Amino acid sequence: MDQLGVAVVGFGLAGAVFHAPLIAAEPRMRVAAVVTSSAERAAQARAQHPGVRVWESAEEMFAEADDVDLAVIATPNRTHAELAVKALVAGLPVVVDKPFAVKSADADEVVSVAERAGLPLSVFQNRRWDNDFLTVKALMEGGEFGEVRRFESRFERWRPVSKGGWREVGSAEDGAGILFDLGSHLVDQALALFGPVTEVYAELDQRRPDVQADDDAFVALTHASGVRSHLWMSAVAPQLGPRMRVLGSTNGYTVSGLDPQEDDLRAGRRPDDGKPWGTVTPDKWGIFGAGEDLKTIPTLPGDYPAFYAQMAAALLDEAPVPVDPRDAVETLRILEYARHVATPPEDD
């Protein structure tokens, strides 16, 4: 097999911007098919991926599943689990965009179906390949922090007027809200770095009058290792805090600004365009050290292409999938519990 034929189910922002370009840039994969009922998006897919087949419904794709080798579920959150199960039943390995599902019980069922079918299943937690996350991971592996005591991580935006999409005006049953959107990344990163969680505290709020879902959230995790993770996600932050801050027994690390890969993908770039990918200029590097002994250190390049490179290896070389779906189930359990226990922040 020269290349794996991939069907991207859903060709909105997730499918067209975050999945298809990365698939097309992976030498052992190609965007073979797209599922969309939109004539405009179908035309976009054909223009961006010459020779692509377009199905108007997932049911059409499932009926002809032998024509593709992998299904990528990039549809609205509420449909993730259902479509993943149908794809697996049709005999297809699956990648599901985050969040894995709206309910952890549904995600558990998807994992069970994949195990019974003996098919690879993974979840697109691409932020494990952000430049800041990779830099913190490397520093930890090198013992540069001593004992990590606190991890602070933020995805904050200043969007005082909502765009009106389902993530802002939808319900909990839709998987709407910033907790399930950006929180899926933040909790996954914390678990990947520091392991299981024993305690969860959370605050959720709707700050804008034109939204129905949470748009401002804080989650505190106590890990079994003793590390405390403090995670902020907000659409209404007029001033943005550091992207990450790590405090250890010997050194700390602070970095601001977002990994550039999302903006580059939104701008139409592809990782295989021959230009540096995932890199930032020295003025955006983080600060490492303790007390007055501080220095700027290089930020490692981000590497979203690694996800589909590893997925290709899982399908062709029997390597592990890039993200264990059980990790994504645990992230969902924490998000569910955070939503359950959340209380408004006390006034100062």
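This is a predicted model, so every value here is computed, not measured.
At distances below 3.5 Å, at least one donor-acceptor pair connects side-chain atoms of R208 with backbone N or O atoms of R159. The backbone N or O of P76 lies less than 3.5 Å from a partner atom in the side chain of T79, making a donor-acceptor pair. At distances below 3.5 Å, at least one donor-acceptor pair connects side-chain atoms of E168 with backbone N or O atoms of K163. Of the possible polar contacts, one joining the D69 side chain to the G5 backbone as a donor-acceptor pair under 3.5 Å is found. Looking only at distances, a side-chain donor or acceptor of T250 sits under 3.5 Å from a matching main-chain atom of F145.
For residues 39-87, there are no ring-ring contact (aromatic ring centres under 6.0 Å, His included) pairs, not counting sequence neighbours. Pairs passing the side chain to side chain donor-acceptor pair (under 3.5 Å) check and including a residue from residues 138-148, sequence neighbours excluded, do not occur. Counting only residues at least two apart or on different chains, no ring-ring contact (aromatic ring centres under 6.0 Å, His included) pair has a member in residues 235-286. For the ring-ring contact (aromatic ring centres under 6.0 Å, His included) condition, the pairs that include at least one residue of residues 214-248, sequence neighbours left out, are F194-H223, F218-H230, F218-W232.
Distance check, rounded to the nearest 0.5 Å: CZ of R78 to CG of L83 gives 10.5 Å. Here D130 contributes atom CG and L300 contributes atom CG; the two are 12.0 Å apart, rounded to the nearest 0.5 Å. Atom CG of D97 and atom CZ of F18 lie 9.0 Å apart (nearest 0.5 Å). Expressed to the nearest 0.5 Å, how far CZ of F307 lies from CD of E26 amounts to 11.5 Å. Between the CG atom of D215 and the CD1 atom of I178 there is a distance of 6.5 Å, given to the nearest 0.5 Å. Note that CG of L221 is 7.0 Å distant from CG of L191, once rounded to the nearest 0.5 Å.
Under 4.0 Å is where a charged nitrogen must lie from a carboxylate oxygen, and between K275 and D273 no such pair does. Taking the charged nitrogens against the carboxylate oxygens, R266 and D263 have no contact shorter than 4.0 Å, which rules out a salt bridge. Using a cut-off of 4.0 Å between Lys/Arg side-chain N and Asp/Glu carboxylate O, R41 and E56 are scored as not salt-bridged. No salt bridge links D214 with R207; every basic N to acidic carboxylate O contact stays at or beyond 4.0 Å. Salt bridge R128/D327: present, at least one basic N to carboxylate O contact under 4.0 Å.
Residues satisfying the side-chain hydrogen bond (donor to acceptor under 3.5 Å, both in side chains) test with R326, not counting sequence neighbours, are E115, D324. With sequence neighbours left out, Q206 forms a side-chain hydrogen bond (donor to acceptor under 3.5 Å, both in side chains) with no residue at all. Partners of N77 under the side-chain hydrogen bond (donor to acceptor under 3.5 Å, both in side chains) rule, at least two apart in sequence or in another chain, do not exist in this structure. When the side chain to side chain contact (heavy atoms under 4.5 Å, CB included) test is applied to D317, the partners found at least two apart in sequence or on another chain are R28, A313. Qualifying side chain to side chain contact (heavy atoms under 4.5 Å, CB included) partners for P120, counting only residues two or more places apart in sequence or in other chains: P93, M311, L315, V321. Applying the ring pair (Phe, Tyr, Trp, His ring centres under 6.0 Å) criterion to H185, with sequence neighbours excluded, gives no partner residue. In this structure A81 satisfies the side chain to side chain contact (heavy atoms under 4.5 Å, CB included) test together with A101, D106, V110, sequence neighbours excluded.
Between V96 and L121, the closest side-chain pair of non-hydrogen atoms falls below 4.5 Å. When side chains are defined from C-beta on, V54 counts as touching T36, because their heavy atoms get closer than 4.5 Å. V255 is not listed as a side-chain neighbour of I287, based on a closest heavy-atom distance of 4.5 Å or more.
Results of the side chain to side chain donor-acceptor pair (under 3.5 Å) test with K98 over N126, D181, D188, T331 single out D181 as the only residue that passes.
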Please list every donor-acceptor pair under 3.5 Å in which a side-chain atom of residues 233-248 meets a protein atom from a residue at least two apart or in another chain.
from, atom 1, to, atom 2, distance (Å)
S234, OG, D216, OD1, 2.8
S234, OG, V236, N, 3.0
R243, NE, D132, OD2, 3.4
R243, NH1, S153, OG, 2.7
R243, NH1, R154, O, 3.2
R243, NH2, Q189, OE1, 3.1
R245, NE, E152, OE1, 3.0
R245, NH2, E152, OE2, 3.0

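Few gaps surround CZ on R333; more than 12 heavy atoms of other groups in view lie less than 6.0 Å from it.
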